Structures are given as structure tokens and as C-alpha cells.
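Notes follow once the structure below has been shown.
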Amino acid sequence: MAVIGYARVSTGDQNTEAQEAALRAAGCSRVFTDQASGSKADRPQLTAALDHLNAGDTLVVWRLDRLGRSLPHLVEVVRSLGDRHVEFRSLTEAIDTTTPAGRLLFHVAAAFAEFERDLIQERTRAGLAAAREAGRVGGRPTVMTPDKFAAARALIAADKTHAEAATAVGVSLSSLRRALRAAPSTQTDSVPGAAGASTDVKESSRR
């Protein structure tokens with residue numbers, strides 16, 4: 001039953017010596033270290049540490065924010081350790097899942113993480129509903145303006161390919177094709193979903 005430590009610093013100007021000393025003093029036989037921002041998902045030594053752990057082992061960190069990118073991520077990591085029968089300790093916050101008090105603290109943290117997720121989801125739904133009521137739709141603004149669409153259709157009518165027309169007006173081929181598919185088969189060149197004047201350019205049905 002090994003005790004494994006994990007230490008992390010954010011920049012090259014910092015070092016993990018203080019964390020490593022505290023982890024060694026806590027009984028860690030091996031310490032994995034990363035130099036990476038806390039928000040960065042790619043932390044190779046954390047991955048190595050998690051892969052190294054076996055049932056009955058304990059993962060120790062100096063402080064909770066050394067392990068998780070956020071509270072929900074921290075809870076996810078510790079829960080995954082529990083599923084593998086690996087214990088967890090954080091020295092600064094005195095969280096130790098081998099003790100009843102430590103498990104209680106972790107469950108409180110997990111409850112807060114779930115509450116945070118629910119709040120974010122509720123605010124997102126409320127924001128989308130308000131936007132729909134105001135006539136706004138989510139997503140990126142269209143790059144296809146009425147003028148670009150009219151010019152592209154005029155080029156297509158003049159026997160230019162779709163790719164040539166898209167390049168000429170400065171949009172992607174997929175954007176042009178989407179606009180052509182969505183456009184009504186009329187004599188006008190308004191872009192679906194975009195405001196602006198229309199021009200009377202004969203539509204080519206060539207795809």
C-alpha cells in the first residue's frame with residue numbers, strides 16, 4: 001500500500017521543492033511533479049501518478065488546488081480514485097478519505113460541486129430562453145452577408161464554380177453551400193437569417 005505524492009507549480013519561475021518536502025514528510029515514497037497551469041487539462045505527470053496507483057494506495061497533495069482544475073474536476077478525480085479503492089489526502093485542508101471526518105468533508109465538497117453545476121445549467125437555460133424571447137439565436141454570427149451572397153450567386157450564374165465564388169467573396173465553400181441550400185428559389189438574393197437589402201440577380205440552380 002504505497003503513499004504517492006503529486007506536486008504542481010504554474011510557471012517556470014516557481015519550483016516544487018516546498019511541496020515535495022511536505023509530501024515526503026507525510027510519508028510519500030514517490031512524488032510526481034508537473035509545471036503547468038491549474039486550468040490546463042494536459043498534465044502528463046498527474047496522468048502518470050494516477051496510472052501508478054493501485055488499490056489500497058493513497059494519493060497525497062499539498063493543497064487541493066494542486067490536483068483539480070476546478071471543484072467539479074477535483075470531485076471527479078477523487079471519486080474515480082475511490083472507485084479504484086485508492087484513498088486521498090490533502091495536507092493543507094486536512095482532508096483524508098481514510099477517516100470518517102475526511103470522507104464527510106469530501107462529501108460536502110462534492111455537494112457544493114453539484115450545486116455549482118446546477119446553478120450554471122440553470123443560468124444557461126435562463127439566458128437562452130431570454131435570448132429566444134428577444135429574437136436572438138445562439139451561435140456564431142453568420143459570415144455570409146446579403147452583399148456577399150448576391151455577389152456569389154452572380155459569379156455562379158456567370159459559370160464560376162462554387163469554390164471560385166466562395167473564394168472571390170471571402171467565405172468558406174461550406175458557408176456558401178449552406179446559404180444556397182437554405183435560399184428560396186426566387187429571383188432575390190437575401191441571405192436566410194441575415195438582415196439586409198436584396199438584389200435582383202438571377203439565381204443559378206447549378207450546384
Side-chain angles (χ1 to χ4, degrees), residues 1-131 137-141 143 172 174-175:
M1 294 186 288
V3 180
I4 303 300
Y6 174 72
R8 179 185 62 78
V9 292
S10 299
T11 69
D13 296 333
Q14 302 170 319
N15 64 68
T16 60
E17 289 179 3
Q19 294 180 51
E20 290 185 69
L23 293 170
R24 297 285 185 189
C28 294
S29 58
R30 182 173 179 181
V31 177
F32 293 80
T33 63
D34 268 322
Q35 179 187 310
S37 167
S39 61
K40 189 175 180 182
D42 182 23
R43 288 185 276 174
Q45 289 304 301
L46 175 58
T47 300
L50 296 177
D51 288 343
H52 183 81
L53 293 163
N54 296 305
D57 291 348
T58 301
L59 177 66
V60 185
V61 296
W62 174 58
R63 200 170 63 199
L64 288 175
D65 64 358
R66 302 299 89 188
L67 178 63
R69 300 193 306 272
S70 62
L71 181 56
H73 177 248
L74 174 68
V75 170
E76 178 186 340
V77 172
V78 177
R79 276 180 173 161
S80 69
L81 292 174
D83 291 341
R84 297 165 52 195
H85 304 287
V86 174
E87 302 296 346
F88 172 73
R89 290 172 59 197
S90 176
L91 302 179
T92 301
E93 292 84 3
I95 292 178
D96 184 349
T97 61
T98 65
T99 68
R103 287 192 293 272
L104 175 61
L105 283 173
F106 173 70
H107 288 312
V108 170
F112 273 110
E114 186 173 353
F115 179 64
E116 180 184 4
R117 282 195 299 269
D118 290 345
L119 276 181
I120 291 171
Q121 291 173 356
E122 183 178 344
R123 288 169 182 163
T124 300
R125 287 193 295 267
L128 290 172
V137 180
R140 293 182 300 172
V143 297
S172 69
S174 58
S175 294

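Computed from a predicted structure; not experimentally measured.
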- Query: Between Gln45 and Thr33, does any side-chain donor sit less than 3.5 Å from a side-chain acceptor?
  - Reply: no
- Going from CG on Leu50 to CD1 on Ile4, what distance comes out if it is rounded to the nearest 0.5 angstrom? 11.0 Å
- How long is the span from the CZ atom in Arg30 to the CZ atom in Arg24, to the nearest 0.5 Å? 9.5 Å
- Query: Can you check side chain to side chain contact (heavy atoms under 4.5 Å, CB included) on Val3 and Leu23, steps first, answer last?
  - Reply: CA-CA 9 Å; Val3 180; Leu23 293 170; over 6 Å; no
- Query: Is there a donor-acceptor contact under 3.5 Å from the side chain of Asn15 to the main chain of Glu17?
  - Reply: yes
- Message: Can you give me the closest heavy-atom contact between Asp57 and Ala2, atom names plus distance?
- Response: OD1-N, 2.7 Å
- Return the minimal non-hydrogen interatomic distance between Val9 and Gln19, and the atom names on each side. CG1-NE2, 3.8 Å
- Could you tell me which non-hydrogen atom of Leu53 sits nearest to which non-hydrogen atom of Thr58, and how far apart they are? CD2-O, 4.1 Å
- Query: Of all heavy-atom pairs between Ile95 and Gly102, which one has the smallest distance, and what is that distance?
  - Reply: CG2-O, 4.0 Å
- Task: Kindly give the heavy-atom pair with the smallest separation between Trp62 and Thr92, and that separation in Å.
- Result: O-OG1, 2.6 Å
- Arg84 side chain vs Ala55 backbone, donor-acceptor pair below 3.5 Å: no
- Task: Find the distance between OG1 (Thr16) and CG (Asp34) and round it off to the nearest 0.5 Å.
- Result: 10.0 Å
- Considering residues, nucleotides and ligands other than His85, do more than 12 of their heavy atoms fall under 6.0 Å from its NE2? no
- Message: If you compare all heavy atoms of Ala26 against all heavy atoms of Leu91, which two are closest, and at what distance to 0.1 Å?
- Response: CB-CD2, 3.8 Å
- Query: Are the side chain of Glu93 and the backbone N or O of Leu64 linked by a donor-acceptor pair below 3.5 Å?
  - Reply: yes
- Please lay out, stage by stage, how Thr47 and Arg43 fare under the test side chain to side chain contact (heavy atoms under 4.5 Å, CB included). CA-CA 6 Å; Thr47 300; Arg43 288 185 276 174; 5.8 Å; no
- Message: Checking side chain to side chain contact (heavy atoms under 4.5 Å, CB included) between Ser90 and each of Val61, Leu67, Leu59, which is the one that passes?
- Response: Val61
- Checking Arg8 side chain against Arg66 main chain: does a donor-acceptor pair fall under 3.5 Å? yes
- Item | Donor-acceptor under 3.5 Å (Arg89 side chain, Thr98 main chain) | no
